[in-house]
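Step one of this worksheet: look at the structure below.
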Amino acid sequence: MRTKRKRVLEMDYTLEGSVYNRIAAIRAERGLERSTVADAVGISPQQLGYIEHKRIVPSLELALRLSAYLMVPMEQLFGLQPFPSPEHERTFKLL
């Protein structure tokens, strides 16, 4: 008789805050509305807002679509560490 194995690892689907992004900053630099970007990648503006505020993590496919639409490499758009503030980046470039 075979017994079912107990699942040892519990999956944690609360990914809030685990992936940082620069979507809002890049949109602002380019003067793009949230609804414009959302429509271009096939999601609602509300979903894009959730992504921008780290309430949800986009799928790989959606992250690639955002990267392509904004013409920014994935590693400049998404990261596991917070991105430096724009003021910090400007100061660093001046040095």
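When a residue number appears, it is its place in the shown sequence, counting from 1. Atoms considered below: every heavy atom in the structure, side chains included; atoms not considered: hydrogens, waters and symmetry mates.
Evaluation of the salt bridge (Lys or Arg N to Asp or Glu O under 4.0 Å) test over residues 31-52, restricted to residues two or more places apart or in two chains, returns Arg27-Glu52, Arg34-Glu52.
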Which donor-acceptor pairs under 3.5 Å do side chains of residues 74-82 form with protein atoms, sequence neighbours excluded?
none

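One hydrophobic cluster, built from ILVMFWY side chains closer than 4.5 Å, cannot hold both Phe83 and Met71; they sit in different ones.
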*Going through the checks in order, is the side chain to side chain contact (heavy atoms under 4.5 Å, CB included) test met by Leu66 and Val72?*
CA-CA 8 Å; Leu66 285 162; Val72 177; over 6 Å; no

*Mind running side chain to side chain contact (heavy atoms under 4.5 Å, CB included) on Leu70 and Arg30 for me, showing each step along the way?*
CA-CA 9 Å; Leu70 295 171; Arg30 298 180 183 179; 3.9 Å; yes

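Nearest approach of Ile51 to Asn21, heavy atoms of both residues: O-ND2, 2.8 Å. In plain terms, the two heavy atoms of Ser18 and Val57 that are nearest each other are OG-CG2, 3.9 Å. In plain terms, the two heavy atoms of Thr36 and Tyr69 that are nearest each other are CG2-OH, 3.7 Å.
Taking NZ of Lys54 as the start and CD1 of Ile23 as the end, the distance is 11.0 Å to the nearest 0.5 Å. Put simply, CG on Leu62 and CG on Leu48 are 8.0 Å apart, with the number rounded to the nearest 0.5 Å.
Annotation: side chain of Glu29 is in contact with side chain of Arg22 (closest heavy-atom distance under 4.5 Å).
Proximity of a side-chain donor or acceptor of Ser35 to a complementary backbone N or O of Pro45 within less than 3.5 Å is not detected.
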